[in-house]
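A, B, ... follow the sequence lines: proteins, then strands. Residue 1 opens every chain. On a predicted model such as this, the values are computed, not experimentally measured, just so you know.
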Protein chains: 2
Amino acid sequence: MVQPMSPSLPDGVVPVPLSVDLVLLTVRDDQLAVLLVRRGIDPYRGRWALPGGFVRPGEDLADAAVRELAEETGLRHRPAHLEQLATYGTPGRDPRGHVVTVAFLALAPQSRAPVAGTDAAASRWAPLRDTSTAELAFDHAAILADGLERARSKIEYSAVATAFCEPEFTVADLRRIYELVWGCRLDPRNFHRKVTGTAGFLLPTGRFTTPDSGRPAELYRRGEAGVLHPAMLRPAREHPEQKRPEQS
Amino acid sequence: MVQPMSPSLPDGVVPVPLSVDLVLLTVRDDQLAVLLVRRGIDPYRGRWALPGGFVRPGEDLADAAVRELAEETGLRHRPAHLEQLATYGTPGRDPRGHVVTVAFLALAPQSRAPVAGTDAAASRWAPLRDTSTAELAFDHAAILADGLERARSKIEYSAVATAFCEPEFTVADLRRIYELVWGCRLDPRNFHRKVTGTAGFLLPTGRFTTPDSGRPAELYRRGEAGVLHPAMLRPAREHPEQKRPEQS
DNA sequence: AGAATAGTGTCTTTGAGACAATATCTA
DNA sequence: TAGATATTGTCTCAAAGACACTATTCT
């Protein structure tokens with residue numbers, strides 16, 4: 001018998017090199033920042049890129065993302081939040097041929113995400129405000145833009161914004177996260193009312209900060225809620241509202 | 001010189017068989033239905049599965065999805081809506097080895113989506129209400145569930161529900177779409193107010209239906225809006241609200 | 001007229017946004 | 001005390017949900 005135990009693939013199937021890339025966001029020095037690595041090999045040698053690498057045989061996609069993160073940047077902890085973003089397979093996106101990459105979005109608090117001794121070439125936290133993403137290798141500028149947009153919309157209706165925070169945090173900490181991710185100012189009083197009024201979002205600890213100035217703030221933990229009811233509404237983009245008044 | 005023109009992949013990279021699968025939804029006989037094909041080869045020969053197949057070298061992912069749809073079901077038209085859903089690469093999801101699949105979600109009106117003469121094995125529209133998804137091949141039950149959930153949430157904040165409709169449709173047609181996708185009843189009067197009041201959602205044509213009974217309904221076309229402001233709120237799931245009244 | 005479906009109006013409640021006022025700390 | 005930040009409260013407006021009513025066709 002020449003038939004193997006497991007069925008084989010149809011003839012003519014050409015396998016594809018598959019990689020994972022990671023958009024890891026954090027808040028650092030009061031700025032939203034993304035983790036970048038400097039490429040040590042061609043193509044794009046010396047250019048900044050998202051951390052990532054090739055998937056190994058039999059390896060799960062999310063596992064590959066976490067492994068590459070650890071190998072390239074020394075980050076040992078699994079990020080507080082990790083989700084699949086999208087898969088990019090447009091021909092020509094990689095000069096080495098038809099390489100398809102699965103991108104992930106990860107969020108982490110700064111304390112758990114220092115860029116320590118790294119195996120690979122240099123890595124750094126790039127503040128998104130000051131960084132020109134046009135310099136990134138491959139199509140990583142587009143992937144980063146998609147990751148940012150995902151983060152911006154996801155903190156609206158889910159509690160993932162707490163993934164940027166330490167285990168215990170204040171309402172002001174969380175508000176700053178929203179402000180930095182959305183790039184706008186939020187009213188502290190309305191924000192406080194919303195966030196403490198949304199069931200399951202925050203868990204009061206009864207403990208307080210001891211700030212240098214000002215009234216101490218209560219410390220909270222993430223609640224069990226994954227989805228927010230009601231959602232945190234992002235301030236409306238200045239819509240060129242084409243509201244034509246209907247005629248009588 | 002042995003160096004090729006384009007840089008080569010690092011040593012040790014093992015390419016992966018990459019496929020695409022399609023969750024194509026439509027409304028048929030007043031029911032939400034998904035397109036399934038019967039597998040003609042092992043593994044899972046004779047079982048129902050989502051339409052899909054392997055990506056060809058240098059082929060874009062979305063193109064592969066549309067091509068496989070045409071080959072397997074004879075559907076020539078590009079679906080009214082096509083978006084990437086997620087990528088599934090858990091080891092063991094395919095008995096033939098480590099096969100990774102990129103799933104797409106597609107929506108189409110029934111008129112454009114008859115299952116005509118098909119190249120491959122049988123295909124059918126499976127009403128989601130009556131169909132046991134446990135019989136599907138591979139992890140297609142999970143992919144279908146993810147696609148459904150994506151559709152359910154996406155019609156909340158975007159105008160994609162019109163992708164289920166003919167080019168010209170009534171408010172009642174659109175309401176039936178929402179009811180079938182969400183699996184609930186909606187108040188016709190409030191729905192009408194919401195949907196006609198959301199800028200850019202619907203474009204009145206000034207023409208009317210000629211029904212057998214009842215007042216004629218105005219016909220609309222899809223507007224230019226992709227995102228809805230305000231969103232169509234899905235009726236709240238019956239939350240086991242853990243609203244503990246705070247003590248004074 | 002009566003049935004059927006389309007579309008409008010009205011009331012109530014919820015929640016968002018603007019902003020005043022109070023509370024609790026440090027220097 | 002002044003300065004700073006946290007938290008509560010109040011008012012107004014927009015929009016959702018419930019539901020009565022009018023409009024336009026058919027038999």
Side-chain angles (χ1 to χ4, degrees), chain A residues 30 155-157 165 168-179 182 184-199 201-202 204-220 228-239 241 243 245-248, chain B residues 30 155-157 168-179 182 184-199 201-202 204-220 228-239 241 243 246-248:
Chain A
D30 203 45
I155 64 174
E156 280 193 83
Y157 59 88
C165 298
E168 298 201 343
F169 54 90
T170 69
V171 172
D173 292 336
L174 186 61
R175 175 168 48 84
R176 195 71 193 124
I177 301 293
Y178 274 90
E179 290 182 336
W182 282 345
C184 65
R185 304 293 274 179
L186 296 174
D187 186 292
R189 302 160 291 187
N190 292 335
F191 184 86
H192 192 284
R193 172 165 45 97
K194 283 214 60 165
V195 87
T196 55
T198 297
F201 197 177
L202 298 186
T205 66
R207 307 200 298 121
F208 290 83
T209 58
T210 53
D212 285 352
S213 88
R215 173 175 169 176
E218 181 158 15
L219 287 164
Y220 292 84
L228 300 183
H229 292 289
M232 305 287 301
L233 284 195
R234 169 158 40 161
R237 282 250 154 272
E238 49 289 1
H239 268 292
E241 287 286 8
K243 265 193 180 171
E246 50 253 297
Q247 54 205 8
S248 58
Chain B
D30 203 47
I155 65 174
E156 281 193 83
Y157 58 88
E168 299 201 343
F169 55 91
T170 68
V171 172
D173 292 336
L174 187 60
R175 174 167 48 86
R176 197 68 194 128
I177 302 293
Y178 274 90
E179 289 182 337
W182 283 345
C184 65
R185 303 293 273 178
L186 297 174
D187 186 292
R189 301 160 293 189
N190 292 334
F191 184 86
H192 192 283
R193 170 164 46 95
K194 283 214 60 167
V195 89
T196 55
T198 297
F201 196 0
L202 297 187
T205 65
R207 308 201 298 120
F208 290 81
T209 58
T210 53
D212 283 352
S213 88
R215 174 175 169 176
E218 183 159 14
L219 288 163
Y220 292 85
L228 301 183
H229 292 288
M232 305 287 302
L233 284 195
R234 173 160 34 163
R237 282 248 155 275
E238 49 289 2
H239 268 292
E241 287 287 8
K243 265 193 179 169
E246 49 253 299
Q247 54 206 7
S248 58

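Going from atom NE2 of A/His192 over to atom P of C/dA16 covers 15 Å, rounded to whole Å. In this structure, A/Glu218 places its CD atom 13 Å from P of C/dC25, rounding to the nearest Å. Between A/Phe191 atom CZ and C/dG15 atom C1' the separation is 16 Å, expressed in whole Å. Rounded to an integer number of Å, the gap from CG of B/Asp187 to P of C/dT5 is 16 Å. Between the P atom of D/dA18 and the CG atom of B/Leu186 lies a distance of 10 Å, rounded to the nearest Å. Straight-line distance from the NE2 atom of A/His229 to the P atom of D/dA16: 16 Å, rounded to whole Å. Straight-line distance from the CG atom of A/Leu174 to the P atom of D/dT7: 12 Å, rounded to whole Å. Straight-line distance from the CZ atom of A/Arg176 to the P atom of D/dT5: 12 Å, rounded to whole Å.
Considering every non-hydrogen atom in both A/Ile155 and A/Leu228, the closest pair reads O-CD1, 4.4 Å.
With hydrogens and angles ignored, a donor-acceptor pair closer than 3.5 Å exists between the side chain of B/Arg189 and the base of D/dA20. On a pure distance criterion of 3.5 Å, a polar donor-acceptor pair joins the side chain of A/Arg193 and the base of C/dG17. Side-chain N/O atoms of B/Asn190 and base N/O atoms of D/dA18 include a donor-acceptor pair closer than 3.5 Å.
Taking 4.0 angstrom as the limit, B/Lys194 places a side-chain polar atom (N or O) nearer than this to OP1 or OP2 of D/dA16.
A donor-acceptor pair under 3.5 Å is absent between the side-chain atoms of A/Glu218 and the main chain of A/Thr170, judged by distance alone. Side-chain atoms of A/Glu156 never come within 3.5 Å of backbone atoms of A/Ala231 as a donor-acceptor pair (strictly under, hydrogens ignored).
Comparing C/dA16, C/dT24, D/dA4 by their closest approach to the side chain of A/Pro216 singles out C/dT24. When distances run from any side-chain atom of B/Arg215 to the nucleotides D/dA16, D/dT5, D/dT24, the shortest one goes to D/dT24.
Counting non-hydrogen atoms under 4.0 angstrom, A/Pro188 reaches nothing in the nucleic acid. Backbone-only contact: B/Asp212 has heavy atoms under 4.0 Å from sugar-phosphate atoms and none from a base.
Counting only heavy atoms from C-beta outward, the side chains of B/Phe191 and B/Met232 approach each other to under 4.5 Å. With a 4.5 Å cut-off on side-chain heavy atoms, B/Tyr220 and B/Asp173 do not count as touching.
Mapping A/Ala217 and B/Ala231 onto DNA chain D by nearest heavy atom places A/Ala217 closer to the 5' end of the strand. Annotation: of the two residues near DNA chain C, B/Val171 and A/Gly214, the 5′-most nearest-nucleotide partner is B/Val171. Each of B/Phe208 and A/Leu233 was assigned the nucleotide of DNA chain C with the nearest heavy atom; the assignment lying further toward the 5' end belongs to B/Phe208.
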